Structures are given as C-alpha cells and as structure tokens.
Amino acid sequence: MLKWLGAAFLLGGGLFLGLGAAEQLHARVRCLRTLLGAVEWAERELSFRLTPLPALLEGLESRSLPPVSALFSGCGQRLDELGEKPFGTLWREAADAAGLPLDEAAEQTVYSLGDILGRFDAEGQRGALEERAAELREHLRRAEEDRDRLCRVYTALGAGTGALLTILLI
C-alpha cells in the first residue's frame, strides 16, 4: 500500500512540475499582453491628453494586471527619488522588483520604456511608444508560439518523468 502511495506521489509530482513549466509560458503571454495594452493606452494618453507622468503611472497601474501593475506602482512610489536618480533607473529598479516573467529580449524592451517616458515631447514619446509597442507585439507573437509548441511537451515530459521514476522505484 505504501509503495503505491509513493508511486502516486512520484507520478503526481512529475505531472505537477510539467504543468508548472507550462504555466510559466502562459504567464509570459499574459504579461506581454498586459504590457502591450498598457503601452498602447499610454501612447493614447500622451497623444491626446498630455497626461503628467504621476497620473499616467497611476492610470497604468489601475488598468493592468499583476505583476505588470506592480511595475507601475513601484515606479510611481519611486518618483520622489527623481532628482537623485534618472527616471530610467527608477523604471529599471521597479521592473526588476516586479519580477515580470519575461525573457531577456522582452525585458530589454521593457527597460527601454523607462528611457522614453517623460523624456521627449509628446510627438517624440508617441513615436517611441509606437516602436516599443511593435517590439512587444513581436515578443508576444513569439511567446504565443512557444506556449503553443511547448505546453504539451512540458506537461508530457513531467508526466513521463514521474512515470519513469515510478517504474524504476517499484
């Protein structure tokens, strides 16, 4: 009886690891979709309303899902340090603290947003945000391809590993 219980735990553990890896792919896609929506909204706000940076960050925070909302919240909380540090540094610190589930290339795109906001005139910011939105669309497309291709693989690999360990130990 104990042997079968251990076998069930091994099989379940392997499956759980596979599903966890697949969930990371889903989280990456959700994060990129939220970031893309936030950049598009910020572009409209800056183009039509010329929203000041603190209000823009508050609006982005309220319209975003975690962990992206944590990026905007953390950056807004750091604005009192703006004289001591440049905005790009504050943005990067907030992005690192938010723990966004992104790959290196997408992370660099997010970091580059900090060099844009509040730095150029409205037209310059709009153009730069359009470029970043295009980059985020490409990252999203690749993340969706990875998710579609690898989710079943990770799940099957986890279940297969659990089954193999179960067979070896029984």
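In what follows, every heavy atom counts, from backbone to side chain, and hydrogens, waters and symmetry copies are set aside. Owing to the predicted nature of the structure, the values given are computational and were not obtained by experimental measurement.
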Examine [X] and [Y] and state if one hydrophobic cluster contains both, with Ile, Leu, Val, Met, Phe, Trp and Tyr joined whenever side-chain heavy atoms are less than 4.5 Å apart.
X	Y	result
Leu19	Leu164	no
Leu90	Leu53	yes
Tyr154	Val29	no
Leu140	Leu100	yes
Leu150	Leu17	no

Find the distance between [atom1] ([X]) and [atom2] ([Y]) and round it off to the nearest 0.5 Å.
X	Y	atom1	atom2	answer
Thr109	Arg137	OG1	CZ	12.5 Å
Ser112	Arg92	OG	CZ	9.5 Å
Gln125	Glu130	CD	CD	12.5 Å
Ser62	Leu57	OG	CG	11.0 Å
Ser69	Arg63	OG	CZ	13.0 Å
Leu10	Leu5	CG	CG	10.0 Å

Which heavy atom in [X] sits nearest to a heavy atom in [Y], and how many Å separate them?
X	Y	result
Val39	Ala133	CG1-CB, 3.9 Å
Ala38	Leu60	O-CD2, 3.2 Å
Asp115	Gly88	OD1-CA, 3.9 Å
Leu32	Ala106	CD2-CB, 4.1 Å
Cys75	Trp91	SG-CE3, 3.6 Å
Thr51	Leu46	O-CD2, 3.6 Å

Check whether any side-chain N or O of [X] sits under 3.5 Å from a backbone N or O of [Y] as a donor-acceptor pair, and report yes or no.
X	Y	answer
Ser47	Glu43	yes
Thr155	Arg152	no
Thr34	Ser64	no

Are [X] and [Y] close enough that some pair of their side-chain heavy atoms sits under 4.5 Å apart?
X	Y	answer
Arg78	Lys85	no
Arg44	Glu40	yes
Leu102	Leu35	yes
Gln24	Pro101	no
Leu71	Val110	yes
Leu129	Leu113	yes

*salt bridge (charged side-chain N to carboxylate O under 4.0 Å, His left out): pairs with one or both residues in residues 17-38, sequence neighbours excluded*: Glu23-Arg30, Arg28-Asp103, Arg28-Asp146, Arg33-Glu144
_Taking atom CZ as the centre, does Phe9 end up with more than 12 heavy-atom neighbours from other residues, nucleotides or ligands that are less than 6.0 angstrom away?_
no
*If you count the non-hydrogen atoms of other residues, nucleotides and ligands that lie under 6.0 Å from CZ in Arg141, is the total more than 12?*
yes
*Is there a side chain to side chain contact (heavy atoms under 4.5 Å, CB included) between Trp41 and Leu56 once you walk through the steps?*
CA-CA 9 Å; Trp41 184 82; Leu56 181 70; 3.7 Å; yes
